[in-house]
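Report on the structure given below.
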Amino acid sequence: MDRIDRDLATALSHNGRATFQELGALVRLSPNTVADRVRRLQRDGIIAGFTAVIDETKLGKDLGVLSDVKLREGVERVAFAESLTHVPQVIGALRLTGEYDYQLHIVCGDPTEFEGLVDRLKRDYGVASLNSRLILREVPVDKAKLLQAIS
């Protein structure tokens, strides 16, 4: 993997719908050459897939929360992580080192929904404690400008 492959991967992480022509202009290669490189990045597993980024606030999920989670003693971490697929309010999870086991990115419609989720996580999912912070707003990072700055 060379600098051009890294630049393509970064650009696609910012805009997965970028055309081969747009990507080619960015890395100064023909669209056909870019297409070949992107297909190779997919085949090699560097690009694992493409996804839509959903604005949860437009779906009525106005309360964003980051929660550090400590599991109860004896709770299997793999089982906990797999069980999160059944919790629609959890839109992201990170396994951590240190005092907490996981950090969850949670979206809820209101504080009452979040309170119910906390109770459910403790009752049904083996969570011992949570340390939660409200997300006031997301600060956008323009990955395309970042890519240009480091190129």
Side-chain angles (χ1 to χ4, degrees), residues 1-71 75-111 113-114 117-118 120-121 124-127 130-151:
M1 187 164 152
D2 61 13
R3 180 191 58 80
I4 293 172
D5 288 339
R6 282 190 293 280
D7 290 351
L8 290 170
T10 300
L12 286 168
S13 74
H14 177 66
N15 178 7
R17 294 180 60 121
T19 67
F20 294 137
Q21 186 171 353
E22 292 167 335
L23 293 169
L26 181 69
V27 297
R28 297 180 181 91
L29 292 174
S30 74
N32 287 339
T33 302
V34 167
D36 290 341
R37 282 179 172 256
V38 169
R39 285 186 200 102
R40 182 176 41 76
L41 291 170
Q42 287 178 286
R43 185 182 63 245
D44 293 347
I46 294 165
I47 296 175
F50 296 90
T51 186
V53 177
I54 306 300
D55 183 345
E56 297 288 342
T57 61
K58 301 252 193 299
L59 298 175
K61 301 292 185 179
D62 296 324
L63 183 65
V65 180
L66 293 177
S67 291
D68 296 328
V69 171
K70 186 181 292 187
L71 299 177
V75 172
E76 290 292 325
R77 284 155 179 59
V78 172
F80 173 77
E82 290 174 355
S83 72
L84 293 176
T85 61
H86 303 291
V87 184
Q89 296 93 337
V90 176
I91 63 170
L94 301 169
R95 176 79 167 96
L96 305 176
T97 63
E99 182 179 350
Y100 293 95
D101 298 305
Y102 289 90
Q103 182 176 73
L104 305 182
H105 184 182
I106 296 168
V107 292
C108 293
D110 57 37
E113 181 182 355
F114 179 65
L117 176 62
V118 169
R120 183 173 162 217
L121 289 170
D124 300 336
Y125 292 89
V127 171
L130 291 94
N131 180 13
S132 300
R133 293 154 321 279
L134 295 179
I135 299 171
L136 299 176
R137 66 182 165 93
E138 184 175 350
V139 178
V141 176
D142 188 336
K143 291 182 183 179
K145 284 185 182 176
L146 180 63
L147 174 63
Q148 289 172 349
I150 61 175
S151 295

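As the structure is a computational prediction, the values presented were derived from the model and not from experiment. Quick note: numbers below take in every heavy atom, side chains included, and nothing from hydrogens, waters or symmetry partners.
No side-chain heavy atom of L121 sits less than 4.5 Å from a side-chain heavy atom of V69. The side-chain heavy atoms of L104 and L94, taken from C-beta on, include no pair separated by under 4.5 Å. Proximity of N32 to F20: side-chain heavy atoms (C-beta onward) are nowhere separated by under 4.5 Å.
Distance OG/S132 to CZ/F114: 3.5 Å, rounded to 0.5 Å. To the nearest 0.5 angstrom, C108 atom SG is 11.0 Å from D62 atom CG. Atoms CG and CD1, on L8 and I47 in that order, are 7.5 Å from each other to the nearest 0.5 Å. One finds the CD atom of E22 at 10.0 Å from the CG atom of L26 (value rounded to the nearest 0.5 Å). Atom CG of residue L23 and atom CD1 of residue I4 lie 12.0 Å apart, to the nearest 0.5 angstrom. Going from atom CD1 of I54 over to atom CG of L59 covers 7.0 Å, rounded to the nearest 0.5 Å.
Among residues two or more places apart in sequence or in another chain, the side-chain hydrogen bond (donor to acceptor under 3.5 Å, both in side chains) test is passed with D2 by R37. Qualifying side-chain contact (heavy atoms from CB on, under 4.5 Å) partners for V107, counting only residues two or more places apart in sequence or in other chains: E56, K61, I91, H105. Evaluation of the side-chain contact (heavy atoms from CB on, under 4.5 Å) rule for N131 yields D68, Y100, R133 as partners, not counting sequence neighbours. Contacts of D124 classified as side-chain contact (heavy atoms from CB on, under 4.5 Å), with partners at least two apart in sequence or in another chain: R120. Checked against side-chain contact (heavy atoms from CB on, under 4.5 Å), R17 has the following partners two or more places apart in sequence or in another chain: N15. T57 meets the side-chain hydrogen bond (donor to acceptor under 3.5 Å, both in side chains) test with D55; sequence neighbours excluded.
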Notebook entry, point to check: Do R40 and D36 pass the side-chain contact (heavy atoms from CB on, under 4.5 Å) test, and can you show the C-alpha distance, the side-chain angles, and the key distance before you say yes or no?
Noted result: CA-CA 6 Å; R40 182 176 41 76; D36 290 341; over 6 Å; no
Note to self: Before you tell me yes or no, could you show the steps for L134 and L63 under side-chain contact (heavy atoms from CB on, under 4.5 Å), namely the whole-Å CA-CA distance, both residues' side-chain angles and the distance that decides it to 0.1 Å?
What the structure shows: CA-CA 7 Å; L134 295 179; L63 183 65; 3.3 Å; yes
Next item on the list: Tell me, with the steps shown, if M1 and I46 meet side-chain contact (heavy atoms from CB on, under 4.5 Å).
Entry: CA-CA 10 Å; M1 187 164 152; I46 294 165; 3.6 Å; yes
Next item on the list: Show your working on side-chain contact (heavy atoms from CB on, under 4.5 Å) between Y102 and S67 and close with a plain yes or no.
Entry: CA-CA 8 Å; Y102 289 90; S67 291; over 6 Å; no
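Counting all heavy atoms, side chain and backbone alike, V75 lies closest to G126 at CG2-O, 3.6 Å. Smallest separation of non-hydrogen atoms from F50 and G16: CD2-O, 3.6 Å. Closest approach of L71 to R77, counting heavy atoms only: CD1-CG, 3.9 Å.
In this structure, T33 contributes its side chain and L29 its backbone to no donor-acceptor pair below 3.5 Å. Between the side chain of T10 and the backbone N or O of D7 there is no donor-acceptor pair closer than 3.5 Å. Between the E82 side chain and the A79 main chain, no donor and acceptor come within less than 3.5 Å of each other.
Atom CD of Q42 has more than 12 heavy atoms from other residues, nucleotides or ligands within 6.0 Å.
Ring centroid separation for the pair Y125 and F80 does not come in under the 6.0 Å cut-off.
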